[in-house]
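A short write-up of the structure that comes next.
Chain letters run A, B, ... following the sequence lines, proteins first and then strands; every chain starts at 1.
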Amino acid sequence: MASIQVRLPSLLEPITGTRSLTVDAPTASEAIEALLEAQPGLRVHLYDERRNLRPHVRLFWNDGDFAWIDDGVAAHDGDVLTVMQAVSGG
Amino acid sequence: MVVAVGTEKGAWFFDPDERQLEGPVLPGWKVTAFTDTAADDYLLATGSNWFGASIHRSPDLTNWAQTENSPSWPEGGDRSLTQIWTFARNAGRIYAGVDQAGLFTSDDSGSSWQPVDGINEHHTRPAWQPGFGGLALHSILIDPDNADRIWIGISAVGVFRSEDGGSTWTTANSGVAKAAADEQFDDIGYCVHKIQLDPDDANRLYRQDHRGVYRSPDGGRTWESTENGLPSSFGFPMVMDRSSKTLFIVPLTSDEQRLPVGGEFRVYRSTNRSDSWEVSGTGHPAAATYTQVLRGAMDTNDNGTVAYGTTAGTLGLTLDAGESWETMPWTLPRILSVSFLPD
């Protein structure tokens, strides 16, 4: 079991009361489940009714998009799970 | 009473007498609807271009926390809940109207929500098509003398009426011009924008529609056009102040332009149950003003005070049922919802 740092965007702070928390999980995918268990109010904001990640939300595992890593990758102390919202400029 | 203002980027509150603005609450979130509850607290609905819709509760309009449950469609299904458009309260029951179109009720002040299958699974539903603003169930009316009589409005679909507390629903659009005909069902395809009940007779309804302004003498079974005095029949909000028995609307040039006619932003009113309409009093912007009021962004305390918020973030207020209007000094983000709440 590893200790994983979770970082959240400011828009979600009213839901969680914090932008930073720690969860314990053995793998990357289980870190997400641990986050949703610790903060169940996040689920509706991250996933749609088909349990798909909302289209303008991205999850990063350290420096890589979660979509491109193996869900079962082992977690290590100090790994970082980051929730990001897509922001466009102009 | 407090005026609650929901915008594209948070909520603000002000007392219409003291004119002190409080907020923002939930900055960055769309705030789309408000209600008070039988538990003497408040709910507001949030939305987001990223994070979906939910409900927050407050005991004091200052401290807010997301509720554990919100109206929702079943997981794994083909419907998405994209926005909570409106709340309506009748004693201990709260109704929520949502996009994709649906009606939900809560009998525990918003702690849990149940779908109203009679309308959500209506036999015409497979043919419902969204309007420009989505497939929104945005208007809910309840007969104050008979809670079993309910009307709802869905954009680009029409008005539905229930006489049995929501178990069964019939369409209520006869006499209204269609926005988009459906090949299978002749009684849908009406783009209602807002509906109101008469304060003295719940068989009389009023309607701002995409295709005109109407009233019904028979609970919504039939409708007649009532546009005498209006510069345009297109618009979104419609409010009935129950004390003065005055209707208020904000006409716009057309569905293509959606601008005040000639740049003259004016609230219109009818004091004779929609027989005729006139510019409502004094105090409208003197200079060209090309902004609009969305359907949820005008409300009344039912005692002569009416407030509206514009897409330019300005707020208008009358304390005398539309004899005179004032523009508030603040400029907020695009205003989506305005509601009077007890303080």
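- A:Pro9 is listed as a side-chain neighbour of B:Phe51, based on a closest heavy-atom distance under 4.5 Å.
- Residue A:Arg54 comes nearest to B:Trp50 through the heavy atom pair CD-O, 3.3 Å, listed as atom of the first residue, atom of the second, then distance.
- A:Arg50 and B:Ser80 get closest at one heavy-atom pair: NH2-OG, 3.0 Å.
- Around atom CD of B:Glu18, no more than 12 heavy atoms belonging to other residues, nucleotides or ligands sit under 6.0 Å away.
- The neighbour count for B:Gln114 CD, taken as heavy atoms of other residues, nucleotides or ligands under 6.0 Å away, is above 12.
- Across A:Leu12, A:Leu46, A:Val57, the residue that shares the most heavy-atom pairs under 4.5 angstrom with chain B is A:Leu12.
- A:Ile15 has its side chain within reach of B:Trp29: a pair of non-hydrogen atoms, C-beta onward, lies under 4.5 Å apart.
- In B:Met1, the CE atom is crowded: over 12 heavy atoms of neighbouring residues, nucleotides or ligands sit closer than 6.0 Å.
- In this structure, B:Asp60 places its CG atom where more than 12 heavy-atom neighbours from other residues, nucleotides or ligands lie under 6.0 Å away.
- Interface remark: B:Ser48 contributes side-chain atoms only to the contact with chain A (heavy atom separation under 4.5 Å).
- A salt bridge links A:Arg51 with B:Glu75: at least one charged nitrogen is closer than 4.0 Å to a carboxylate oxygen.
- Between A:Pro14 and B:Leu26, the shortest heavy-atom distance links the atoms CB-CD2, 3.4 Å.
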### Task
Would you check, one step at a time, whether the test side chain to side chain contact (heavy atoms under 4.5 Å, CB included) holds for B:Gln66 with A:His45?
CA-CA 11 Å; B:Gln66 182 171 289; A:His45 298 299; 2.6 Å; yes
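- Within the 4.5 Å cutoff, the side chain of B:Ser70 has no heavy atoms near those of the A:Val44 side chain.
- Heavy atoms from other residues, nucleotides or ligands lying under 6.0 Å from CD of B:Glu68 number 12 at most.
- Considering every non-hydrogen atom in both A:Leu11 and B:Pro27, the closest pair reads CD1-O, 3.7 Å.
- With a 4.5 Å cut-off on non-hydrogen atoms, B:Ala53 touches chain A through its backbone but not through its side chain.
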